[in-house]
Q: 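So that we are looking at the same thing, I have put the structure below in structure tokens.
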Amino acid sequence: MALFILRRLGSAVGVIIALTVVVFILQKISHTDPVHALLGPGASQAAIHAESVKLGLNKPLLSQFFHYLDGLVHGNLGISYRTRRPVAADLVEFLPATAELALVALVMAIGLGALFGLLSVRGGIAARIFRVVMLLGASTPGYLVAFAGLVFLYNSLHILPATGEASPGGQFQTGFVIADNLLAGQLGGAWDGLVHAILPAFSIALVPAVSIGRVFKSSLEGTLRSDYVRTARAKGLSERRVVAFHAIRNSVGPALTMTGLQLGLMFAGVAVIEEIFAWPGIGYYTAQAIPVSDFPAISGVTLVLGAGYVLINALVDIAQSLADPRIKL
Amino acid sequence: MAITGIYQSGQVSGGRLSAKVSEVVAQNSKASLAAALLPVAVTLVALLVPVIAPYSPLVPAGPAFVPPGHSGFLLGTDSVGRDELSRVLYGMRASWFSALAVIASGLAIGVTVGAVAAVAGGWVDALLMRITDVFLSLPGPVLAIAVVAALGPGLVHTLIGVGIVWWPFYARIVRGEIRALAARPHLEAAKMSGVGPVRRTLRHLLPGTLPALVVTASLDIGNLVLTLAGLSFLGLGAPAPAPELGAMSARNLTFLLQDYWTAVAPGAGIVVLALVGNLAGDGLRNLMKDR
């Protein structure tokens, strides 16, 4: 077991190193010249030369890479062309809001996915309706869901707020609005944060929920055909008990793997949704960086999210093999 | 379900039951076949868009913000009076062909990598599959955004960016299928009768990977349409006046609460394309399962 965990973490580290190579190469072929971007168009020849030397751009490529790697290890992700601040500092500021939104979205995706899976495995009218719902869910871009929510729930019915992660005057220390307020015992503030998160989180969660539901359904179907389930039925348990106490436990594995994978696929959606709802997270930060070609910001986001995704999936694998020792990936 | 119903109602005797069963199966596979052919129909329509579209997608055709269904504008007009229907049609055409282009490039890279790895074996296989694993274990959309940001915005760059992250899964499938096929008797027979490795791969191995590839690729269309729309929404696609569905929704977000159609109609176009992709994928999978 220890060996498996070590191997899995080792391969995760390998992938992260490969990611830094990819990002470094992208930085080299990037169409914006870092010296120009930092100094502006009117810089003198001498200033350009001085800045190139300072950035180490006159050195051979391989030593530039090691210099870059050395910076990464010390938390240096470069300077954003747009905010003129260290990218690392920007990310620390924007990451919590995204983490909170992603967490709410993840809970929704898992809940909806479980619902889709359980209801569509039962057969009958409900299953047919849910098949159509899932097909539509898998075919609708998150922003269209957000639009519908804004038009109906915000504009017509005034149930949900339109932008931001808290009402004006909301009290919170970091970007974790819900967590901060809960820790401070401010239930009202936490509720306000949750209400702000509902619509964006749902818009992000729908497509992953369908994927999770599909995988969960097919793995449930497989489990329900197995011998031990037949035994459970034969001893007279109700179908509900069979599913709830015997089948679900052995069917969540693939759904869990799918959930880990969906986390990575969610990000393009997160950026779009954060842009729509002016949600102050890294998706919003990325969306602002794209039009001005702020490559250091984008490469910082890529590295942090990529590394986080790789580690989360390694942890999902390890958790799975701890839960079911037969699994060796 | 339907079959037991027929049987219980006693309308069908034993002999006609089997006829009923094959009829139900035939109906199912007819529906699957129809679904599987949808992409062909959409491709034809997409080719004909310049003929079908009532107005130019770029030049104003009437007053701004005409609501849908008024003065001959089926989907209304946008903020500068361009016909929304024509823009959505052209946008759908661009989205559709973009998705197909990415699938084609993904298949080209994936099939090459997978086939070379499976046939060569040894260190070549190990190296190629390690690279594939690295790409598989990175978050695709994030990497695609970084690639496009490095190359600069634009439709071609977006297609390259997404294409770079869209092949590893195909490579995996091709390698797996080929290794399974290579152990089959007809391959041994081909080998013994002196067919060379290249010809063996092209004539005897690759055709066998086709069913799995076709199903996976068609299931991917819907996913790709959504991914590309997301990137276009973020401003990574073609520049301003081009009718691109994601970008149209993004730019008309400002008008969402007053003139909803300008932002919603392009999104509906995406839903149609993604639905076609998903239906076709499910249909093809059913057809392959029946065989």
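All chains are named by letter (A, B, ...) in the order of the sequence lines, taking the proteins before the strands, and each is independently numbered beginning at 1.
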Q: Indicate the atoms forming the closest heavy-atom contact of B/G230 with A/V272, along with that distance.
A: O-CG2, 3.6 Å
Q: Looking only at heavy atoms, which two atoms of B/L257 and A/L150 are closest? And how far apart?
A: CD2-O, 3.9 Å
Q: Quick one: what part of A/R131 sits under 4.5 Å from any heavy atom of chain B, side chain, backbone, both or neither?
A: neither
Q: Evaluate whether atom CZ of A/F152 has more than 12 neighbouring non-hydrogen atoms of other residues, nucleotides or ligands under 6.0 angstrom away.
A: no
Q: Can you name the closest pair of heavy atoms from B/N278 and A/A138 and give their distance?
A: ND2-O, 3.5 Å
Q: For A/F130, does the CZ atom sit with more than 12 other heavy atoms under 6.0 Å from it, leaving out its own atoms?
A: yes
Q: Can you establish whether the number of heavy atoms outside A/L157 located under 6.0 Å from its atom CG is more than 12?
A: yes
Q: Using a 4.5 Å heavy-atom cutoff, which residues in residues 130-140 of chain B come close to chain A?
A: B/V134, B/S137, B/L138, B/P139
Q: Is the A/F147 to B/Y260 ring centre distance short of 6.0 Å?
A: no
Q: Can you tell which part of B/N223 gets under 4.5 Å to a heavy atom of chain A, answering side chain, backbone, both or neither?
A: neither
Q: Return the OG to CG distance between A/S293 and B/L151, rounded to the nearest 0.5 Å.
A: 11.0 Å
Q: Looking at every non-hydrogen atom in both residues, tell me the closest pair between B/L226 and A/S139 and how far apart they are.
A: CD2-O, 3.8 Å
Q: Any idea which of B/S249, B/G246, B/A268 has the most non-hydrogen atom pairs under 4.5 angstrom with chain A?
A: B/S249
Q: Using heavy-atom distances under 4.5 Å, tell me whether A/I276 contacts chain B through its side chain, its backbone, both, or neither.
A: both
Q: Heavy-atom distance under 4.5 Å between the side chains of A/I290 and B/V148, does that happen here?
A: no
Q: What are the two closest heavy atoms between B/A150 and A/L26, and how far apart are they?
A: CB-O, 3.6 Å
Q: Nearest heavy-atom pair of A/I298 and B/A146: which atoms, and what distance?
A: CG2-CA, 3.9 Å
Q: Output the option from B/A229, B/A250, B/G235, B/G267 having the highest count of non-hydrogen pairs under 4.5 Å with chain A.
A: B/G267
